[in-house]
Amino acid sequence: MENHCDILIVDDEPIVGQRLKALLEKEGHRVEAFIDSAVALQRLDTQHFDIVISDIRMGDIDGIQLLDQVLKKFRHIKVVLITGYATLELARESLAKGAFDFIAKPFKLNEIRTTIKRAMESIVSQQSSAVH
Amino acid sequence: MAIVMISSLYQSGRKELAEALAKKTNWPLLSREELVDRAREQGIKIGRLEVAMIKTPNQSEKLAHEKDLYLAFLTATLCEKAREGSFIYYGRGGHLLLPGVSHRLRVGLSTPQEVRVDRTAQALGLSPDKAVGYLKEIDEDFEKWIRFIHKVDSRDAKNFDAVFNLENIGLSNAAEILCHMAGMPEFQPTAASNRMVENLWLAAQSKLRLALDERTAAADLQVQADNGVVTVTYPPQQSQFRTNIPEVLAELKGCHEIQCTMAETNILWIQERFDPQAENYQQIIQLAQRWGAAVELMRLIPPDEGAGDAAGTDIDTDRAFSRKNAVYTGGVEDDDPQTIYNDGGLIRTKEDLLGQGRFGGQHTVCGGYASILERIQGNGNYTLVVIGDMFLSKGHSARTRQTRELALNIRDRLKAPVITADEMKSRLLFGKKQGLQMVGFMAVVLFLFGTVFTHQDLLFSFLSGPLHQSHKWFSPVALFLFIPLLAYLWGTVTGLALKIINID
């Protein structure tokens with residue numbers, strides 16, 4: 001956990017998943033990318049993930065709904081929302097509903113790298129406080 | 001014909017009021033959300049601007065440029081709508097758009113907090129407690145947004161023509177009142193207000209064209225328009241864009257003449273590390289505003305620290321690349337090299353200067369005064385050169401000596417006035433210390449004049465009477481000392497008084 005984690009990416013644009021997967025795998029993380037949020041939710045039931053990176057505007061289940069459902073079932077998961085339609089209101093709504101971070105597209109790879117690092121630190125500190 | 005601009009806090013009923021008014025008048029509606037979506041399609045990174053209000057932006061974030069584009073896009077679109085006839089616009093900060101157009105009716109709303117909490121809880125599916133917290137944060141963000149984009153206080157009453165308190169009046173009645181107001185002579189277009197719409201449109205369209213065209217996207221340009229004449233001002237070291245500007249603006253409807261001018265009054269500020277929060281930055285800004293000057297930044301990296309890949313022309317080529325013509329990446333962009341190396345606060349300072357409309361260019365050089373001169377050779381049209389904090393790794397005495405040597409060398413070669421940041425305040429600005437000095441010197445001058453006029457007999461006796469006869473040498477010596485002393489005191493007082501009224 002100290003160096004890498006399990007990350008699930010959901011974005012209906014395949015290129016986003018491809019680019020993020022390539023970057024994060026290079027950093028040593030285990031990554032799975034999905035273009036369908038319903039399929040991604042099913043995968044969460046069968047496989048452990050630490051971090052979910054999701055787009056907001058998607059087909060049947062949008063990013064905010066996905067956030068609700070993920071946090072309802074898996075409170076330990078850090079959800080990072082990304083969108084090309086970022087507004088102040090949407091960013092605040094996401095954070096109020098428990099998102100770990102909100103990133104507006106377009107973003108640099110370094111930004112997601114920094115967010116993942118912060119999410120990992122937060123998971124580690126939560127785990128250590130749970131042990132004590 | 002009327003332009004109604006409705007602005008309010010989140011969930012305060014601006015959309016509902018706009019719809020009620022549209023129902024009564026049949027005027028078309030335009031929302032900020034609609035315009036923002038259209039702006040995104042043009043490649044303007046509005047999401048980055050919005051999120052910057054709640055997160056600390058990256059060092060490399062070029063928000064000032066994005067802000068300019070956002071405002072230009074909104075202005076151009078609203079001006080086009082205004083040409084077609086009456087319309088209603090609603091959205092965050094709407095009352096601050098189209099500045100100077102006298103026939104717009106600027107409307108604000110005040111809505112009871114409990115109503116807003118209920119509406120927010122319902123709209124977002126939050127508990128009332130969470131909705132209260134959400135509104136508190138979003139209201140603070142709204143305040144920050146208005147301050148960042150429009151540089152005013154969102155609650156300043158002088159920016160509104162009417163504010164409705166929805167605790168006491170219903171939306172339908174508020175809409176009815178707005179109908180009457182919009183018909184008043186004060187809100188009818190005049191020749192001057194229509195001309196203002198045309199000028200705003202032309203300036204905004206020119207800005208958009210220049211910013212979105214790859215030939216000029218990297219330039220830092222100031223654009224103004226008046227009666228079909230577009231004036232584009234570029235910093236001296238970006239003169240290579242001069243030929244591209246008329247090409248990009250060619251065939252722009254309504255543009256009869258394009259004037260490309262180089263910024264004439266320039267302050268060159270040389271320093272190792274820049275910080276927009278620092279005192280000397282505020283002093284430079286004060287001076288630049290007083291003189292109407294642009295500030296050119298030059299970061300000097302001492303040779304022992306090495307330049308790496310930092311030194312270069314510092315033209316922002318990333319801007320052009322990352323917009324419409326770039327390879328599609330789904331919004332996941334490769335890292336910008338600028339985010340990796342330590343830029344010594346150059347980007348943040350540049351962003352702040354751009355926001356203030358005072359940016360005159362930037363350079364990064366490695367070495368000593370020879371490198372500085374080499375870089376600015378040929379651009380030496382400076383009103384002032386300010387040498388800021390330099391040679392920071394050296395001790396105090398070495399730093400002072402080397403700074404002085406650098407100032408002398410630059411002065412000799414550039415033939416421009418050169419001062420250090422420490423001298424700047426005492427010589428060019430009016431602060432508390434200068435205020436005290438002025439009061440003190442003025443008191444001494446008044447005392448001296450008072451003494452002279454109330455002791456005339458004694459004075460004549462001293463100059464040519466009995467006193468002079470008894471002490472022949474004393475009066476010429478006293479006069480020799482008194483006249484320059486009085487001239488110095490009076491000269492300082494008048495010099496400081498002129499500084500107050502911005503005459504140097």
Side-chain angles (χ1 to χ4, degrees), chain A residues 9-24 26-27 33 35 53 55-58 62 64-65 67-69 71-72 80-115 118, chain B residues 9-11 32-33 36-37 40-41 43 45-55 57-61 66 91-92 120-121 123-127 129-142 144-145 318 322-323 326-340:
Chain A
I9 299 167
V10 198
D11 196 308
D12 55 0
E13 284 190 276
I15 191 163
V16 175
Q18 284 161 16
R19 283 180 66 83
L20 287 178
K21 193 170 191 277
L23 166 87
L24 297 170
K26 214 164 134 188
E27 309 257 315
I35 52 169
I53 300 172
D55 188 19
I56 292 187
R57 276 201 194 178
M58 291 186 293
D62 69 23
I64 299 283
Q65 289 168 319
L67 168 75
D68 283 339
Q69 295 193 29
L71 292 184
K72 217 175 270 174
V80 177
L81 293 176
I82 54 177
T83 180
Y85 300 88
T87 61
L88 267 177
E89 292 80 4
L90 189 57
R92 278 289 174 214
E93 181 188 348
S94 307
L95 297 175
K97 288 184 171 171
F100 178 76
D101 202 355
F102 180 95
I103 299 175
K105 287 184 195 170
F107 57 83
K108 304 279 180 196
L109 288 171
N110 200 39
E111 192 168 352
I112 204 86
R113 206 181 274 130
T114 312
T115 302
R118 280 197 302 111
Chain B
L9 293 171
Y10 179 72
Q11 292 292 358
R32 178 179 177 274
E33 285 69 29
V36 161
D37 277 350
R40 281 197 181 104
E41 287 164 16
K45 298 172 188 170
I46 293 181
R48 307 293 304 170
L49 265 184
E50 298 254 343
V51 175
M53 297 303 112
I54 59 171
K55 288 166 80 172
N58 285 339
Q59 274 209 335
S60 63
E61 206 90 80
E66 229 53 48
R92 187 198 311 154
T120 305
L124 305 182
L126 296 173
S127 66
D129 281 353
K130 277 202 164 179
V132 169
Y134 175 86
L135 282 178
K136 185 177 174 286
E137 285 172 332
I138 206 82
D139 289 352
E140 284 170 10
D141 298 337
F142 176 88
K144 267 194 231 167
W145 174 266
D318 175 61
S322 60
R323 292 195 196 283
V327 175
Y328 186 65
T329 59
V332 187
E333 295 182 346
D334 289 330
D335 286 330
D336 182 349
Q338 282 178 319
T339 59
I340 295 163

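Looking at residues two or more places apart in sequence or on another chain, you find a ring-ring contact (aromatic ring centres under 6.0 Å, His included) between Y10(B) and Y134(B). Taking A86(A) as the reference, T83(A), F102(A), A104(A), V51(B) meet the side chain to side chain contact (heavy atoms under 4.5 Å, CB included) condition, with sequence neighbours excluded.
Of the atoms belonging to T329(B), heavy atoms from both backbone and side chain fall under 4.5 Å from chain A. For E93(A), the parts sitting under 4.5 Å from any heavy atom of chain B are the backbone and the side chain alike. D55(A) does not touch chain B: none of its heavy atoms, backbone or side chain, sits under 4.5 Å away. In this structure, chain B has no heavy atom under 4.5 Å from any part of L23(A).
A 4.5 Å side-chain heavy-atom check between D37(B) and Y85(A) finds at least one atom pair inside the cut-off. Counting heavy atoms from C-beta on, the side chains of E89(A) and L124(B) never come closer than 4.5 Å.
Atoms CD and CZ, on E50(B) and R92(A) in that order, are 12.5 Å from each other to the nearest 0.5 Å. For the atom pair K55(B) NZ and T115(A) OG1, the distance stands at 5.5 Å (nearest 0.5 Å).
What you find for E333(B) and R19(A) is that their closest heavy atoms are C-NH2, 3.8 Å.
Of the possible donor and acceptor atoms, none in the side chain of K45(B) sits under 3.5 Å from a partner among the backbone N and O of P106(A).
Of the listed residues (T114(A), I112(A), L88(A), L20(A)), the one with the most heavy-atom contacts under 4.5 Å to chain B is L88(A).
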